[in-house]
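So you know, we letter chains A, B, ... as the sequences are listed, proteins then strands, and number each from 1.
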There are 2 protein chains.
Amino acid sequence: MMKTSTSTQDYLKRIYELTECGEPASTNDLARELNIKPASVTGMIQKLAAEKPALVEYQKHQGVTLTTSGKRAALEVIRHHRLLEAWLVQTLGYSWDEVHEEAERLEHAISEDFERRIAAALGHPTRDPHGELIPTEDLKMPADDSTPLSALRPNQSATIQRVISQDPDLLRHLESLGLIPGIQIEVTEYSSFDNNLTVKVGKKQNVLGLNITTKIFVEIL
Amino acid sequence: MMKTSTSTQDYLKRIYELTECGEPASTNDLARELNIKPASVTGMIQKLAAEKPALVEYQKHQGVTLTTSGKRAALEVIRHHRLLEAWLVQTLGYSWDEVHEEAERLEHAISEDFERRIAAALGHPTRDPHGELIPTEDLKMPADDSTPLSALRPNQSATIQRVISQDPDLLRHLESLGLIPGIQIEVTEYSSFDNNLTVKVGKKQNVLGLNITTKIFVEIL
DNA sequence: AAAATAATTTAGGTAAGACTAAATTTAATG
DNA sequence: CATTAAATTTAGTCTTACCTAAATTATTTT
Ligand SMILES: [Mn+2]
Ligand SMILES: [Mn+2]
Ligand SMILES: [Mn+2]
Ligand SMILES: [Mn+2]
């Protein structure tokens, strides 16, 4: 495969994330995620589609998806990112709200050798500090069977698996409530008017809005 | 201070190294060290001199030196590089011939926070794995009082302080001979014809040419 | 279905940082 | 000191990746 630039890697990573739901990624969504103007995104997408082998599949006005090569390159970056986050937390005492920004830069700078060394040093972890799955060494994304907390109803118990947010403020808030991966919770109340859930964590009860419950993914017990 | 690009950081670092002897760095030397064509180096030097504040002092055809700002930026990168090398060796088991290349990329990607964390984790080391001095947190380069091994003569004993080479082959060779920082040696013979020195390391004797003895710096006992 | 709105693409430009070829300046040599 | 050689700079291009403004296409709404 050809060497990919930092920019290309960031595009492919975002396209991977946006297309996980099965839909192609739109120019606008991509532009928002990358903090790049839509016009520039169109240009870059056209270049990625013109590479040989092509990194993305693209039809004007129809959005963009990853080719096999593009997906491989995306998973490589995602593996770097998530291993780095785990490594920074475990060995340098970063907190889960601090790691993302650092990993965002380092992911493009480390070698495959570095990747292997930290994976081995951490005992080949399967999840990062936010509970996100780490692509395997041969670049397969493990299957994920988690459910959004927002789908639970009273009397259901679950274990928190992952939190999909990079917002440090939200992450610190969740940590202060004890809502972190591995923790067991129980839903005690549900309001159909505002979709709030009352969730028991340890002995405390917290009322959580949709903004939070759609970002916490759990395994139902 | 303004943010410096990866390219700028590499230029400043090389200029620092080339001007350590007191002489301005020439366009050609810089081009050779950076693997960039002399014409491009001239262009970049002119840009660095035009920044405000200027990062380099430059007079056409007279070579280039660092300003106070430029030296500070250079020492920042050098501190990153050397701390990273120490950290890669200590925590990930890199050997001293492997670290340089990895550090060369990471030095531009880590945050000041990352720098502080690895410095603290390593106990604020003063030298990197090759024995090179690490600039302090407030960006002063400690004084170095070492002597090139080539200046020693029979019956002088010394401790190896630093090895100035990034050539993996040479580094592996030196390691195989036991010529690494901290080791005590004794010069037993000198040939004025080829400037070879015979050096006792432990129980072994090795005849070393100028190519090696000028790259090993020692503290005379 | 036409008009209005939103999303997307094209066109034209900029900035960084590199290269080649040609011109110029300095240094070395007979 | 006049020539030649070496080092350096200028001029003109190229690539990557971004931007703004204008044009186009798609999607809603009336
Ligand atoms: Mn992250
Ligand atoms: Mn990134
Ligand atoms: Mn080094
Ligand atoms: Mn570098």
Side-chain angles (χ1 to χ4, degrees), chain A residues 1-15 18-19 21 23-65 70 73-74 77 104-105 107-109, chain B residues 1-15 18-19 21 23-65 70 73-74 77 104-105 107-109:
Chain A
M1 292 301 118
M2 77 256 59
K3 319 130 220 296
T4 52
S5 68
T6 293
S7 286
T8 294
Q9 289 175 5
D10 279 337
Y11 273 86
L12 296 175
K13 190 169 62 155
R14 296 305 174 201
I15 295 170
L18 288 170
T19 55
C21 61
E23 297 290 298
S26 77
T27 301
N28 255 11
D29 289 350
L30 213 38
R32 181 175 28 73
E33 293 295 318
L34 289 164
N35 288 308
I36 289 172
K37 294 288 171 291
S40 306
V41 171
T42 297
M44 184 58 135
I45 284 174
Q46 289 172 344
K47 190 178 311 184
L48 297 179
E51 300 260 355
K52 46 171 201 167
L55 295 169
V56 303
E57 185 75 43
Y58 166 68
Q59 307 257 87
K60 279 181 189 171
H61 297 97
Q62 302 306 128
V64 65
T65 56
V77 187
E104 195 67 36
R105 277 174 287 107
E107 64 189 4
H108 310 291
Chain B
M1 293 300 116
M2 76 258 57
K3 319 129 221 296
T4 51
S5 68
T6 294
S7 288
T8 294
Q9 289 175 5
D10 279 338
Y11 273 86
L12 295 176
K13 190 169 63 155
R14 296 305 174 200
I15 295 170
L18 288 170
T19 55
C21 62
E23 297 290 297
S26 76
T27 301
N28 255 12
D29 289 351
L30 214 38
R32 181 175 28 74
E33 293 296 318
L34 290 165
N35 288 308
I36 289 173
K37 295 288 172 290
S40 307
V41 170
T42 298
M44 183 58 135
I45 284 173
Q46 289 173 344
K47 189 179 311 184
L48 297 178
E51 300 260 356
K52 45 171 199 165
L55 295 168
V56 303
E57 184 75 44
Y58 165 68
Q59 307 255 85
K60 280 181 189 172
H61 298 99
Q62 301 307 129
V64 66
T65 57
V77 187
E104 195 66 38
R105 276 173 288 106
E107 64 189 3
H108 310 291

Output the distance between atom [atom1] ([X]) and atom [atom2] ([Y]), rounded to the nearest 0.5 Å.
{"X": "A:Thr65", "Y": "A:Gln59", "atom1": "OG1", "atom2": "CD", "value": "9.0 Å"}
{"X": "A:Thr19", "Y": "A:Arg14", "atom1": "OG1", "atom2": "CZ", "value": "12.5 Å"}
{"X": "A:Leu18", "Y": "A:Leu30", "atom1": "CG", "atom2": "CG", "value": "6.0 Å"}

Q: Send over the distance from A:Leu12 CG to D:dA17 C1', rounded to a whole Å.
A: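 Rounded to whole Å, this separation is 15 Å.
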Q: Measure from NE2 on A:His61 to P on D:dA26 and round the result to the nearest Å.
A: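 For the pair A:His61 NE2 and D:dA26 P, the rounded distance is 5 Å.
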Q. Distance check: side-chain N/O of A:Ser5 vs OP1/OP2 of D:dA17, anything under 4.0 Å?
A.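 Looking at the OP1 and OP2 atoms of D:dA17, one of them is under 4.0 Å from a side-chain N or O of A:Ser5.
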Q: Quick one: list whatever passes side chain to side chain donor-acceptor pair (under 3.5 Å) with A:Glu104, sequence neighbours left out.
A: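 Only A:Lys13, A:His100 meet the side chain to side chain donor-acceptor pair (under 3.5 Å) criterion with A:Glu104.
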Apply side chain to side chain contact (heavy atoms under 4.5 Å, CB included) to [X] and list each qualifying residue two or more places apart in sequence or on a separate chain.
{"X": "A:Ala74", "answer": "A:Leu12, A:Tyr16, A:Leu66"}
{"X": "A:Ala39", "answer": "none"}
{"X": "B:Ala49", "answer": "B:Val56, B:Tyr58"}
{"X": "B:Pro38", "answer": "B:Thr27, B:Asn28, B:Ala31"}

Q: Quick one: label A:Ser7 by what it contacts on the DNA or RNA (base, sugar-phosphate, nothing), any heavy atom closer than 4.0 Å.
A: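 Contact class for A:Ser7: sugar-phosphate only.
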Q: At the 4.0 Å heavy-atom cut-off to chain B, mark where contacts on DNA chain C begin and end, going 5' to 3'.
A: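 Terminal contacting nucleotides, 5' to 3': C:dA16 to C:dT26.
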At a cut-off of 3.5 Å, list every protein nitrogen or oxygen paired with a nitrogen or oxygen from nucleotides 11-14 of chain D, distance to 0.1 Å.
none

Q. For residues 25-33 of chain B, which residues have at least one heavy atom under 4.0 Å from DNA chain C?
A.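 Correct list: empty, so none.
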**Q.** All pairs passing side chain to side chain donor-acceptor pair (under 3.5 Å) where residues 29-51 of chain A contributes a residue, at least two apart
**A.**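 Applying side chain to side chain donor-acceptor pair (under 3.5 Å) to every pair that reaches into residues 29-51 of chain A, excluding sequence neighbours, yields A:Ser26-A:Asp29, A:Asp29-A:Arg32.
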Q) Which pairs count as side chain to side chain donor-acceptor pair (under 3.5 Å) when at least one residue sits in residues 3-12 of chain B, sequence neighbours excluded? A)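 Passing the test, one end in residues 3-12 of chain B: B:Thr4-B:Gln9, B:Ser5-B:Thr8, B:Gln9-B:His108, B:Asp10-B:His108.
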Q: Take A:Asn35 and A:Lys60, find for each the nucleotide of DNA chain D with the closest heavy atom, and name the residue whose nucleotide sits nearer the 5' end.
A: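 Whichever sits nearer the 5' end wins; that is A:Asn35.
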Q.
Just to be sure I understand the geometry, which residues of residues 41-51 of chain A put a non-hydrogen atom under 4.0 Å away from DNA chain D?
A.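 Residues of residues 41-51 of chain A under 4.0 Å from DNA chain D: A:Met44, A:Lys47.
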Q) So do the side chains of A:Pro24 and A:Glu57 get within less than 4.5 Å of each other, counting heavy atoms only? A)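 A side-chain contact is absent here, since even the closest heavy-atom pair is not under 4.5 Å.
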(Q) Let me check the geometry of the helix from C:dA1-D:dT30 to C:dG30-D:dC1. What is the bend angle between the axes at its two ends, five pairs each, to 10°? (A)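 Result, rounded to 10 degrees: 0°.
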